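Encoded as structure tokens, the structure appears first; notes follow it.
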Amino acid sequence: MARETDSSMDTVFDQGTPPLEEAGSLKDTSQTGSYTADNIQILEGLEAVRKRPGMYIGTTSSRGLHHLVYEIVDNSVDEALAGYCSHIEVTVNPDESVTVTDNGRGIPVGINHKSGKNAVEVVFTILHAGGKFGGGGYKVSGGLHGVGASVVNALSEWLEVRVSKDGHVYRQRYERGISRTPLEIIGDCPAEKTGTSVTFLPDPLIFKETRIFDYDILRQRLREMAFLTKGLRITLTDLRPRVDSEGRLEDKPRTHTFCYEGGIQEFVTYLNRGKKPLYDKVMYFEGTRNGVYVEVAMQHNDSYTDSEYCFVNNINTPEGGMHLVGFRNALTKTFNEYGRKNKILKDSEPNLSGEDIREGITAIISIKIEDPQFEGQTKQKLGNVEARGATDSVVSEQLRYFLEQNPSVAKTIIEKSVASQRAREAARKAREMSRRKSALDSMSLPGKLADCSEKDPSKCEIFLVEGDSAGGSAKSARSRATQAILPLRGKILNVEKAREDRIYANEEIRAMITAFGTGIHDEFDITKLRYHKIIIMTDADVDGAHIDTLMLTFLYRFMPELIKQGHVYLAMPPLYKLEKNRRVWYAYSDEELSQILNEVGRDQNNRIQRYKGLGEMDPEQLWETTMDPERRILRRVQINTESESEVDLIFTVLMGDKVEPRREFIEENAKFVRNLDI
Ligand code: TSJ
């Protein structure tokens, strides 16, 4: 099972401030002597990175900031993949610098004859081909990554590297990419102690938006990296001062250690932890074909959505690509062959479709390839054709063998696929029927919808209102020109727990789909969106919050682009109304109420009303507190995570039927869940 423990690695670098010794016998290539043509080229290279950081790290927002850490950690992961490193420690220091330390062989310190430089300096000052977001992927002989160190160096106010090797500790310091000290020996250590440690402070001139590292974002990505490299131990420690909920300073730093002997097999167990697996085993296939190393782990659960996560050289490819195609081919072909051969699928029955077989699957497809080609608009799709054949071949061969060894698992999956096939057929008929009745057609809007008169979608908003009575108030309160109201009765269907056919039969869901106008899934077309603001308006209580999550789950599963492009909002009705001397205040939180009371005085004659629901407000109150664009508060919903598997988990855990993981998850991730809503 997964281990998450406190840890302390006895690092060879932890020597306090070492005395500055003589510079050793190393040649200083940066400070003394004149710059050679090479040096100038280097400066130009790194200057290009500083001029256009987006080309190299995608963005200089929080996301790009965190990317710096991954670029450095990738180098240590490569050392682990080469078999020389078992532990990586990532520390966020109180000054917002980050230290990454490994126990690998240590970057070579010898002089490279071609460049006349030591390897450390080459790593940190020579910009390697392209950069991830510039050219087509990245090429380096040897390691899979190793291109990022010079980029991180260029974008850091300062960076210090320490290498322990051959009984010495070496150090070099850079500022904004330029070496400020030579690589010098600063102390000795036992010859068997080796490793690399890099500390860097992101440059405020580059990262203007934020330089604050988010522990939870780092934790998620490092956990993912640990899953993807079995047996590798990764520790994250936050040394920044921190206060608890009572405002007291915490005395212990926050820390997590990830180490998964089972690798991606454990990753699947982790992803399925909020769901009911259909069988105990997690399948695991592994092999190398034509230089492509393929690893796949999978298990079905009782839900109706498939979750396939693809990685190339440990980098997520959300748009899939050749490895995913190969995996899917193998799955479809092998299950149909097995089903026919063993008469679970009768001759009279049609083949199972890939979709039917994948219903409820959780799969990780992770490949390692020498020269990955990333394609598509966001360069998140693998283009290498050889990856398709390799993945297909490894999975076909080993899945066939697995099914033969585990006939009861095979039977369970095929029976589930047949059920899915029938439901899909029923759904298709239901869809067709409702199309014929043109209920899913935007020409005939749902009867309950009170539409607005404005035709320009960018000026229009739609309120999805809990309950008919609140819906009624909202209809009379609204600004008719730009605000549409769609009342929804009671709790809407939980789409995590229903098959497609039932979902399409659901009236509330059909009404929403029709009103939005965009269509769903593959047919989704954002240009047909009829309202640029979709506002969920529910009571400010537990039931309201539940309806919010049901609604968001539906939107996320059926039209994720609406959320990603920032069209979805939560209305915020007030919690309290305070009346004094014929004046009225509304408070949207307990803090705000006490703030208002501080200002107006806590007198006897204050009238404080606690709103229990939207229904308690008359239309005028509803308008001025919650709907009036001039006065209301809206919270835009955004997906606030690097890792798509985490978003899936949130919805699964929040909406699934296992209570324990849900409670655990909410306790663990209170902040995260809030982030999702805000
Ligand atoms: F890239 C980097 F500088 F940012 C960086 C590299 C940062 C960190 C935290 C670690 C590393 C790193 C590099 N860890 N381990 C290595 N290993 C090598 O560079 C290395 C060592 C020995 C040999 C060899 O052939 O003897 C080859 C390599 C590539």
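Remember, it's 1-based here, ligands and their atoms both numbered in the order they're listed. Keep in mind the model is a prediction, meaning the values are calculated, not measured.
Remark: Glu250 does not engage Arg248 in a salt bridge, criterion side-chain N to carboxylate O under 4.0 Å. One finds a salt bridge joining Asp216 and Arg254 here, because a Lys/Arg side-chain nitrogen approaches an Asp/Glu carboxylate oxygen to under 4.0 Å. With respect to the salt-bridge test (charged N to carboxylate O, under 4.0 angstrom), the residues Arg50 and Asp203 qualify.
Nearest to atom 2 (C) of ligand 1 by heavy-atom distance, out of Val109, Asp74, Asn75, is Asn75. Of the candidates Arg105, Glu71, Arg162, the one placing a heavy atom closest to atom 23 (C) of ligand 1 is Arg105.
Side-chain rings of Phe124 and Tyr174 approach one another, their centers coming within less than 6.0 Å. Aromatic ring centres of His323 and Phe311: separated by at least 6.0 Å.
The ligand atoms of ligand 1 that sit less than 4.0 angstrom from a heavy atom of Val123 are 1 (F), 3 (F). Ligand-side atoms of ligand 1 in range of Val198: 7 (C), range being under 4.0 angstrom from any heavy atom. Listed by atom number, the atoms of ligand 1 under 4.0 Å from Ile72 heavy atoms are 4 (F), 7 (C), 9 (C).
Taking only nitrogen or oxygen atoms, main chain and side chain alike, Asp102 reaches within less than 3.5 Å of ligand 1. Note: an N/O pair closer than 3.5 Å links Glu79 and ligand 1 by distance alone.
Within the 4.0 Å heavy-atom cutoff, Ala149 counts among the residues contacting ligand 1. Taking 4.0 Å as the cut-off, Gly106 counts as a neighbour of ligand 1 on heavy-atom distance.
Here Ile107 has heavy atoms under 4.0 Å from ligand 1 in both its backbone and its side chain. Proximity of Phe124 to ligand 1, defined as any heavy-atom pair under 4.0 Å, is confined to the side chain (atoms from C-beta onward).
Summarising the geometry of Ser393 relative to Arg289, their closest heavy-atom pair is OG-NE, 2.8 Å, with the distance given to 0.1 Å.
Between the side chain of Thr317 and the backbone N or O of Cys310 there is at least one donor-acceptor pair closer than 3.5 Å.
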